[in-house]
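First up is the structure itself, then whatever we jot down about it.
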Amino acid sequence: MPELPEVETVKKGLQECIIGEEIAYVTVYYDRIIQNTTVTDFCKSFIGQKIVDVKRKGKYLIFIFQDVILVSHLRMEGKYFIRHQEEKAKHEHIIFGFISGKTLRYHDTRKFGTMELFLTTNLKEILKQKPLVNLGKEPLEPDFNGTYLHQKLLKSKRPLKSVLLDQTIVSGLGNIYANEVCFYAHLNPSQPVNTLTSEDFQNIAISAKKVIIKAISLGGTTIRTFVNAHEISGRFQNELMVHMRKKCCICGGEITKEFVGGRGTYYCKNCQKMR
DNA sequence: AGTGTTACCCGAACGC
DNA sequence: TGCGTTCGGGTAACAC
């Protein structure tokens, strides 16, 4: 469930502890995480490479090395830990060993996560290819606004929440924050987007920014298992308005759970009326 | 072309 | 307790 704020939190944690570290070896225990190359080539390519920076695009982490770039998606339960220990723990699938003796360990109970290796440091080129191509604007980009959403969704009859989850329209929102954005905008998650006004779109854009800024400032949301590189939990779960909640904090009414686009959706029938 | 649906990844939680 | 079933987020592939 790492969404934009969680991935941003992971990124910051990694920046604090692995920039400048030089890779001595890489060990892969589960092949299928690696998407676009063989395990042998994957491991070889990192040897002797120093980590220059860690960036983020949508929900993707981008590790910049001297000559290569690694793009990593955590999907549901991917995590990065930094440890000194050598023994592989359960659910650790890839271990990056540094000259210093530190190790960066990719842990993923569901094995849903993906990694792609690029043999270039030209980020602009990488943004033009899978998996980063086609990502929509992020809520915190300056030109993510009502006009942008309106123009992207002019003819769409899809439910608002499905559109918020569509990474080609907005990148970074997942199920938790999509629920929260609908609540802040006082809109029903099932509302077809072609029935929304430009004020609604403006409202949605502002709500998305608000939710994401606050979640980042609190280190993300820990509902099941999310922790950052220092294994610290996020605190935004205390601020959730509708996701996994029972009562609406505005009107005191019951929070409804139903499925929209096949995803569990939480909202207040009273505060988020269908129009 | 745009939209909705399904499959997939797999372990944990649940129910009997 | 043990075993089968259900669940689930994000994405790609598929069907219409």
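A note on names: the letters A, B, ... follow the listed sequences, proteins ahead of strands, and every chain is numbered from 1.
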Report yes if a side-chain nitrogen or oxygen of [X] is closer than 4.0 Å to either non-bridging phosphate oxygen (OP1 or OP2) of [N]; otherwise report no.
X        : N      : value
A:Arg32  : B:dC9  : yes
A:Lys59  : C:dG10 : yes
A:His91  : B:dA12 : yes
A:Arg263 : C:dG8  : no
A:His73  : C:dT11 : yes

Whole-Å gap separating [atom2] ([N]) and [atom1] ([X]):
X        : N      : atom1 : atom2 : answer
A:Leu164 : C:dG10 : CG    : P     : 12 Å
A:Leu132 : C:dG10 : CG    : P     : 17 Å
A:Leu74  : C:dG10 : CG    : P     : 11 Å
A:Lys79  : C:dG9  : NZ    : P     : 14 Å
A:Lys152 : B:dG2  : NZ    : C1'   : 13 Å
A:Asp108 : C:dG8  : CG    : P     : 19 Å

Could you tell me whether the side-chain ring of A:Phe112 sits stacked on the base of C:dG9, using a centroid cut-off under 5.5 Å and a plane angle under 30°?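 Taking the rule of under 5.5 Å and under 30°, the ring of A:Phe112 does stack on C:dG9.
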
Contact nearer the 5' end of DNA chain B, comparing A:Lys111 with A:Pro159: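 Nearest-nucleotide comparison on DNA chain B picks A:Pro159.
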
A:Asn36 to A:Leu117 - nearest heavy-atom pair and separation: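 For A:Asn36 and A:Leu117, the tightest heavy-atom pair comes out as ND2-O, 2.8 Å.
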
Show the nearest heavy-atom pair for residues A:Tyr106 and A:Gly78, with the distance to one decimal.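 Result for this residue pair: OH-CA, 3.4 Å.
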
So what does A:Ser156 hit on the nucleic acid, given a heavy-atom distance under 4.0 Å: a base, only sugar-phosphate, or nothing?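 Sugar-phosphate, backbone atoms only, no base.
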
For atom NZ of A:Lys269, decide whether the heavy atoms of other residues, nucleotides or ligands shown that lie under 6.0 angstrom number more than 12.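 No, not enclosed.
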
More than 12 foreign heavy atoms under 6.0 Å from NZ of A:Lys55: is that the case here?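 For A:Lys55, atom NZ is not crowded (no more than 12 foreign heavy atoms under 6.0 Å).
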
State whether the distance check finds a donor on one side and an acceptor on the other, under 3.5 Å, for side chain A:Arg158 versus base B:dG4.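 Checked by distance alone, the answer is no.
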
Is the terminal nitrogen or CZ of A:Lys137 (NZ for Lys, CZ for Arg) located under 6.0 angstrom from the six-membered ring centre of A:Tyr148 and within 45° of that ring's axis?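 Yes.
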
Taking for each residue the nucleotide of DNA chain C with the nearest heavy atom, is it A:Leu135 or A:Phe259 whose nucleotide lies nearer the 5' end?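 Counting from the 5' end, the first nearest nucleotide belongs to A:Phe259.
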
